[in-house]
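Predicted model only: the values in this text are computed from it and were never measured.
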Amino acid sequence: MRGKARHIMYLAVALAMLFYGVPKLDLTGPWNAVTIFGVVWTLFALLVIAAHLNALLWMNEQRKKELDRIKRMKRNTWERRLQQAVDRGSNRRARG
């Protein structure tokens, strides 16, 4: 599944999860672990919904290409750093 269909499906699942879960959560009680969990869970679900709405409504092809370019650059940077760390580690072991 590619493109917008994936975002629509994940958005629908997140909305269903939110509508099913929020009535079962105790969000009005005193601030204890149960209430904090409910608030954090709700905020996380809203974040997922916002991300998929962003991808569906405001992400055009140019922005998508720019984000892909940034992701490639970050991946290449991490690979270079990892390779340098491996090279330094192998040089230390080789010396003695």
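Applying the side-chain hydrogen bond (donor to acceptor under 3.5 Å, both in side chains) test to T35 and every residue at least two apart in sequence or in another chain returns N32. With sequence neighbours excluded, no residue forms a side-chain hydrogen bond (donor to acceptor under 3.5 Å, both in side chains) with Q62.
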Run the side-chain donor-acceptor check on residues 42-58: report pairs under 3.5 Å with partners two or more places apart or on a different chain.
from, atom 1, to, atom 2, distance (Å)
T42, OG1, G38, O, 2.7
H52, ND1, H7, ND1, 3.0

Show me, pair by pair, the donor-acceptor contacts under 3.5 angstrom made by side chains of residues 13-31, not counting sequence neighbours?
none

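No continuous path of hydrophobic side-chain contacts links V34 to F37 [ILVMFWY only; heavy atoms under 4.5 Å].
Screening residues 64-78 for side chain to side chain donor-acceptor pair (under 3.5 Å), with sequence neighbours left out, gives E66-R69.
Cluster note: M73 groups with no other residue, as no ILVMFWY side-chain heavy atom lies under 4.5 Å from it.
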